[in-house]
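We number each residue from 1, following the sequence as shown.
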Amino acid sequence: MIVLQEKRVQVSPPLTRGPSAFIPENEVMQANGLDERTNLLVEEYSTSGRLDNITQVMSIHTQYLESFLRSQFYMLRMDGPLPLPYRHYIAIMAAARHQCSYLINMHVDEFLKTGGIAEWLNGLEYIPQRLKNLNEINKLLAHRPWLITKEHIQKLVKTGENNWSLPELVHAVVLLAHYHALASFVFGSGINPERDPDTSNGVRLIAVNNFCVCDLANDNNIENASLTSSNFGIADSLSELEALMERMKRLQEDKEDEEASQEEMDTRFEKEKKESLLVISGAFDDEIVSTDVSRYVEDPGFGYKDFARRGEDHLPTFRAQDYTWENHGFSLVNRLYSDIGHLLDEKFRMVYNLTYNTMATHEDVDTTTLRRALFNYVHCMYGIRYDDYDYGEVNQLLERSLKVYIKTVTCYPERTTKRMYDSYWRQFKHSEKVRAAQPDWLHRGPCVVYK
């Protein structure tokens, strides 16, 4: 008889109050007001039935929150190819690739509530072979999606007792991509463990490894991190902001006057792709994945490697125009998993176009060039190129500290620290910084769903 092992360990209370270790509690409340609309969204679409910390932070942008919750609810609760326990176990497998204890425990609970077999929570060796077969595509999607080939898909759907139908596989891949992205948001926004009044210390046992989300998020020393960021004077921050706005204005004017040649555009992309190698967030060669997380991970040593390798002259590139979400991915996904294409499309469009035309205290600002630079920088790190974009804009608009944060949250979110968060856009509102950490923005965008 196999005994189910304890799935949680005691964790320290958060070092900060509120839903985020990065954003003061009062600013979260002031920014979103937790209004009636947010409460209605939670009642209608929350799978947990409560206002969790992710929802509180994300509700700073209520429009996006609605789209996010609707699509997530559809994936997890509405009619679809996969049984409910499978959906939550796949979420656990995806979150474990980024060591996201918060999401793992959330879906351990949901897995059991939906009738999942408790024995499966002892680790991957206890699950059906069909689920085990997802391990390869899970790790590739999480860390190096450019390595996925048609052979990976063919292997999963080939005839046999453990094969996946195409609708089932699309459902599974959408879930994997969703939870890889959501792990980025959890770490990138410093989401704290949930508080539970039924526990003695007020902290729900939300972590399954030897540190809770808030420990790493706070760099284990929130005061020192704050002191570091305070070394920059207000005048310096203001001048950085003004300089950024001036560069945005100049780029827009230059674009109207003269366009670069295609050859020059090619050169600038290759330069940016190689320069992304130089953006390093820290050495983590000795990272250890705890037993509580590793039970859900195959090949834990497999992680992100720079798409553009040093010393390579001719680097393969995925041209976004060759296979687009609008012309190819949407129809394929929607045909095999009814209506999810519409929900994803709405979510992708929402996050790409979301703007309040503000930058810090400035209003009526056209932020298009800045938003596109962020979006394309993320895709550049995964070898995805847009032929109509001038990648010279990336270096002009994204400061190094922002690049470090973006690359960390996108490629290895479990390494994100409060110091990284504090170091960029120091004069911006927290709501504007959270905007940069939303899942569909920072993580691969729609490309992951169909690549």
Using the test side chain to side chain contact (heavy atoms under 4.5 Å, CB included), find all partners of [X] that sit at least two apart in sequence or belong to another chain.
X      : result
Glu66  : Arg37, Leu41, Arg70
Asp345 : Trp325, Phe330, Arg349
Ala172 : Leu82, Ile90, Leu134, Trp164

With distance as the sole test, does [X] use its side chain to make a donor-acceptor pair with the main-chain N or O of [Y] at under 3.5 Å?
X      : Y      : answer
His430 : Val28  : no
Ser189 : Ile191 : no
Ser294 : Val297 : no
Arg371 : Tyr352 : yes
Gln99  : Ala96  : no
Arg319 : Asp387 : no

Task: Enclosure of Gln63 CD (heavy-atom neighbours >12, cutoff 6.0 Å) - done: no
Open item on the list: If you count heavy atoms of other groups shown closer than 6.0 angstrom to CD of Glu363, is the number above 12?
Closed with: no
Open item on the list: Taking Glu240 first and then Arg426, would you say they form a salt bridge - that is, a charged N and a carboxylate O separated by under 4.0 Å?
Closed with: yes
Open item on the list: One thing to verify: whether Arg97 and Glu298 come together as a salt bridge, which I'm taking to mean a side-chain N less than 4.0 angstrom from a carboxylate O.
Closed with: no
Between [Y] and [X], is there a cation-pi geometry (under 6.0 Å to ring centre, at most 45° from the normal)?
X      : Y      : value
Lys433 : Phe428 : no
Lys347 : Phe68  : no
Arg400 : Tyr424 : no
Arg372 : Phe375 : no

Under a 4.5 Å cut-off applied to non-hydrogen side-chain atoms, are [X] and [Y] in contact?
X      : Y      : answer
Asp388 : Gln321 : yes
Gln72  : Tyr45  : no
Leu147 : His152 : no

Tell me whether the centres of the aromatic rings in [X] and [Y] are closer together than 6.0 Å.
X      : Y      : answer
Tyr323 : His328 : yes
Tyr179 : His98  : no
Tyr389 : Tyr391 : yes

TODO: List the steps, then state whether side chain to side chain contact (heavy atoms under 4.5 Å, CB included) holds for Tyr382 with Phe318.
DONE: CA-CA 9 Å; Tyr382 283 88; Phe318 179 85; over 6 Å; no
TODO: Tell me, with the steps shown, if Arg335 and Val170 meet side chain to side chain contact (heavy atoms under 4.5 Å, CB included).
DONE: CA-CA 10 Å; Arg335 176 168 56 85; Val170 167; over 6 Å; no
TODO: Please state whether the rings of Trp146 and Tyr304 are parallel, tilted or perpendicular, taking 30° and 60° as the class boundaries.
DONE: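 Plane angle over 60°, so perpendicular.
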